[in-house]
Amino acid sequence: MRMRRKKNLGQRLEGCGEYLITLPRRNLDSRCDEAVDLLDCHKIFDNNNEIQIEIGCGKGRFITGIAKKNPQINFFAIEKSDNVIVEACEKAINAGIRNVRFLNIGAEYLLRYFPRHSVGRIYLNFSCPYPKKGYANHRLTNPKFLEIYKQILKSDGEIHQKTDNQGLFEYSIENLTCCGFKLKNISLDLHNSGFENNTITEYEEKFAGLGKNIYRLEAFLQ
């Protein structure tokens with residue numbers, strides 16, 4: 001079911017100020033390799049700290065939590081839904097977190113805005129599994145997305161994924177391996193694994209509370 005547009009959404013988005021970066025929409029074509037709208041991360045954050053991004057930030061619990069714990073890292077949160085990203089922005093603003101910015105785009109457009117080999121880590125937290133085979137190309141670990149990530153990740157960059165969906169997890173392992181990534185720190189039951197320093201998301205809390213296993217992995221380029 002489609003989410004109902006929030007009341008005063010336009011006004012609330014404007015109120016997010018510098019936290020929500022307004023991106024040029026001219027000729028917005030994910031097939032275009034011309035990176036004409038690259039972000040100046042140094043100017044945005046006024047430093048040269050490492051860049052990490054979360055794709056599909058939802059209401060912002062994870063990104064605000066991890067940004068607060070790591071003030072020495074700059075974070076970008078990617079979310080294509082206006083209705084959702086506004087809540088994440090407001091959460092960061094209310095918490096006074098300065099090292100995070102929000103981008104209202106889909107993952108297919110990342111190459112238009114992020115310079116090649118500029119990102120240290122990508123977080124994929126509880127992405128939509130798109131269980132029907134016909135929608136597999138929408139999964140954020142589909143090869144078409146993995147090839148984009150490879151271009152924006154640094155040579156020592158990593159992808160960290162968490163999900164409650166076993167099918168998506170197995171699909172991700174297969175595609176990551178086929179696309180040249182190596183895997184480490186694989187967990188089939190994160191909350192009973194002894195893993196430390198885990199930043200919990202909204203969906204993670206919900207699914208773990210229902211007794212579901214949380215799957216996690218880290219992937220890096222060979």
Quick check for you: to the nearest 0.5 Å, what is the distance between [X] atom [atom1] and [Y] atom [atom2]?
| X | Y | atom1 | atom2 | answer |
| --- | --- | --- | --- | --- |
| T64 | I97 | OG1 | CD1 | 5.0 Å |
| C57 | I85 | SG | CD1 | 5.0 Å |
| R121 | E54 | CZ | CD | 12.5 Å |
| C89 | L13 | SG | CG | 7.5 Å |
| Q161 | I122 | CD | CD1 | 12.0 Å |
| N125 | L140 | CG | CG | 11.0 Å |

Looking at side-chain heavy atoms only, is the closest gap between [X] and [Y] below 4.5 Å?
| X | Y | answer |
| --- | --- | --- |
| L176 | L217 | yes |
| F75 | N70 | yes |
| N104 | T22 | no |
| C16 | I93 | yes |
| N198 | E204 | yes |
| R98 | E18 | yes |
| I53 | F114 | yes |
| Y123 | I55 | no |

message = One thing to verify: whether E90 and K59 come together as a salt bridge, which I'm taking to mean a side-chain N less than 4.0 angstrom from a carboxylate O.
response =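 Between E90 and K59 there is no salt bridge, as every charged N stays at least 4.0 Å from the carboxylate O atoms.
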
salt_bridge(E205, R61) N-O dist < 4.0 Å = yes

key: Stepwise side chain to side chain donor-acceptor pair (under 3.5 Å) test for Q166 and N213   = CA-CA 9 Å; Q166 183 179 351; N213 285 6; over 6 Å; no

Donor on one side chain, acceptor on other, [X] and [Y], under 3.5 Å:
| X | Y | value |
| --- | --- | --- |
| K68 | N99 | no |
| K162 | T201 | no |
| N49 | Q72 | no |
| E147 | Q151 | no |
| N47 | N74 | yes |

Looking only at non-hydrogen atoms, find the nearest pair between [X] and [Y] and report the distance.
| X | Y | value |
| --- | --- | --- |
| Y113 | D37 | CD2-O, 3.2 Å |
| L146 | C179 | CD1-SG, 3.9 Å |
| L221 | S155 | CB-O, 4.3 Å |
| G106 | K80 | N-CB, 4.0 Å |
| A219 | L183 | CB-CD2, 3.7 Å |
| G134 | N137 | O-OD1, 4.1 Å |

Any chance [atom1] of [X] has more than 12 other-residue heavy atoms, nucleotides or ligands included, within less than 6.0 Å?
| X | atom1 | answer |
| --- | --- | --- |
| K182 | NZ | no |
| K43 | NZ | no |
| K154 | NZ | yes |
| Y203 | OH | no |

request  = Please check if the distance between the ring centroids of F102 and F76 is under 6.0 Å.
outcome  =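 No, the ring centres sit 6.0 Å or more apart.
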
inquiry  = Applying side chain to side chain donor-acceptor pair (under 3.5 Å), can you list everything that pairs with K184, at least two apart in sequence or on another chain?
reply    =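 K184: side chain to side chain donor-acceptor pair (under 3.5 Å) contacts with E158.
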
So if you build clusters from Ile, Leu, Val, Met, Phe, Trp, Tyr with side-chain heavy-atom gaps below 4.5 Å, do [X] and [Y] land together?
| X | Y | answer |
| --- | --- | --- |
| Y19 | I51 | no |
| L103 | I152 | yes |
| I73 | I159 | no |
| I63 | V86 | yes |
| V119 | F181 | yes |

remark   = Per side-chain contact (heavy atoms from CB on, under 4.5 Å), Y215 is matched among L190, L188, I173, D189 by L188

[X] to [Y], cation-pi by 6.0 Å centre distance and 45° axis angle:
| X | Y | result |
| --- | --- | --- |
| R139 | Y171 | yes |
| K212 | F207 | yes |
| R216 | F195 | yes |

query = So, the side chain of E218 versus the backbone of N185: is there a donor-acceptor pair under 3.5 Å, distance only?
reply = no

key: Donor-acceptor under 3.5 Å (N165 side chain, L168 main chain)   =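 Yes, the answer is positive, given that a donor and an acceptor are paired below the 3.5 Å cut-off.
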
